[in-house]
Amino acid sequence: MKILEMVCHEGVQDVTLREWVRRGHHAHLIAGGREWNPDIGPVPEGVITSPPRRPDVILAGSTPDLLRADVRKWRSLSPRLPILMVHHCLPSHHWMAGPLYRRCTNVTLCRYAQRYLRNLWDVDSHIIYCPIDTDIYRPSDAQADQKLVIAVGNGFVNRPEVGWEELIEVMQK
C-alpha cells in the first residue's frame, strides 16, 4: 500500500511510519502545514520524502491538512481516494472543520474525543488505542509496547473539555 502522510506530529508519526515500512508498505511523507522538524527526530529510515504518483490513502493529522489533502485528491483525478484524519487532540471548532471532517474517515484516540466529534459536528469516528494495528487502524489485543507513551497536555492550551475522566479507561485499554 502507498500511504501519503502529511507532517503534523513527529513524535507520533515516527512510530507509525517505522511500523508501516517494517510491514512492507510504501510510506511517503510530505510537508503539510509544516515541515518535519529534525530536532525532534530524523525522518525514519525507509520513508520516502516525496509524494507517490498514485497513493492508496492520504493521512492527515491536522484540520488545515484536510483541505490540502482534498485539493491533492481532486488534482490527481482520484475521487475515490480515501482521506484519513487522525485527531491527535480534540477536533477543531473552526467553521470550516465540520464540512472537511465529513469528507474523510475520522479516527479518534479515545471514546471522549469520539463523543466530542459527534456532539460538535455530528460526525462519527473510529477509536484507536495504543498499541495500534497500523495496517487497519483498530485496537490490538497485544500487550502495550512499553516505549509508547500517551502525552497529556503537551503544550496545548488548557480547555475545560480535555476528557481527563476518560484517562483511566484509555490507560486500561
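Atoms NZ and CG, on K73 and L66 in that order, are 11.0 Å from each other to the nearest 0.5 Å. The structure places CZ of R103 at 9.5 Å from CG of L67, a figure rounded to the nearest 0.5 Å. Between K2 atom NZ and I48 atom CD1 the span is 9.5 Å, to the nearest 0.5 Å. A distance of 6.0 Å separates CD in Q13 from CG in L29, rounded to the nearest 0.5 Å.
Contact check on D124 versus R118 returns a salt bridge, with a Lys/Arg side-chain nitrogen under 4.0 Å from an Asp/Glu carboxylate oxygen. Salt-bridge annotation for E45 and R22: absent, with no side-chain N of the basic residue lying under 4.0 Å from a carboxylate O of the acidic one.
Two residues are said to be in side-chain contact when any heavy atoms from C-beta on lie closer than 4.5 Å; M6 and L59 fail this criterion. Using a 4.5 Å heavy-atom cutoff, the side chains of H126 and N106 are not in contact. At a threshold of 4.5 Å between non-hydrogen side-chain atoms, the residues L17 and E5 count as touching. Side chains of I58 and P82 form no contact here, defined as non-hydrogen atoms less than 4.5 Å apart. Using a 4.5 Å heavy-atom cutoff, the side chains of T49 and I30 are not in contact. At a threshold of 4.5 Å between non-hydrogen side-chain atoms, the residues V21 and P44 do not count as touching. D56 places none of its side-chain heavy atoms less than 4.5 Å from the side chain of H26. Two residues are said to be in side-chain contact when any heavy atoms from C-beta on lie closer than 4.5 Å; L100 and W121 fail this criterion.
M1 and V47 fall within a single hydrophobic cluster, where Ile, Leu, Val, Met, Phe, Trp and Tyr are joined by side-chain heavy atoms under 4.5 Å apart, directly or via other members. W95 is connected to Y116 through a chain of hydrophobic side-chain contacts under 4.5 Å among Ile, Leu, Val, Met, Phe, Trp and Tyr, so both are in one cluster.
Residue pairs meeting the ring-ring contact (aromatic ring centres under 6.0 Å, His included) criterion with at least one member in residues 58-87, sequence neighbours excluded, are H87-Y101.
Between the side chains of T108 and S125, at least one donor-acceptor pair of N or O atoms lies under 3.5 Å.
Residues meeting the side-chain hydrogen bond (donor to acceptor under 3.5 Å, both in side chains) test with R102, sequence neighbours left out: none. Partners of R68 by side-chain hydrogen bond (donor to acceptor under 3.5 Å, both in side chains), not counting sequence neighbours, listed by chain and number: D65.
Here the closest heavy-atom approach between residue P55 and residue L4 is recorded as CB-CB, 3.9 Å. C104 and M85 get closest at one heavy-atom pair: SG-CB, 3.6 Å.
Looking only at distances, a side-chain donor or acceptor of H94 sits under 3.5 Å from a matching main-chain atom of M96. In this structure, the side chain of W20 does not engage the main chain of H28 through any donor-acceptor pair within 3.5 Å.
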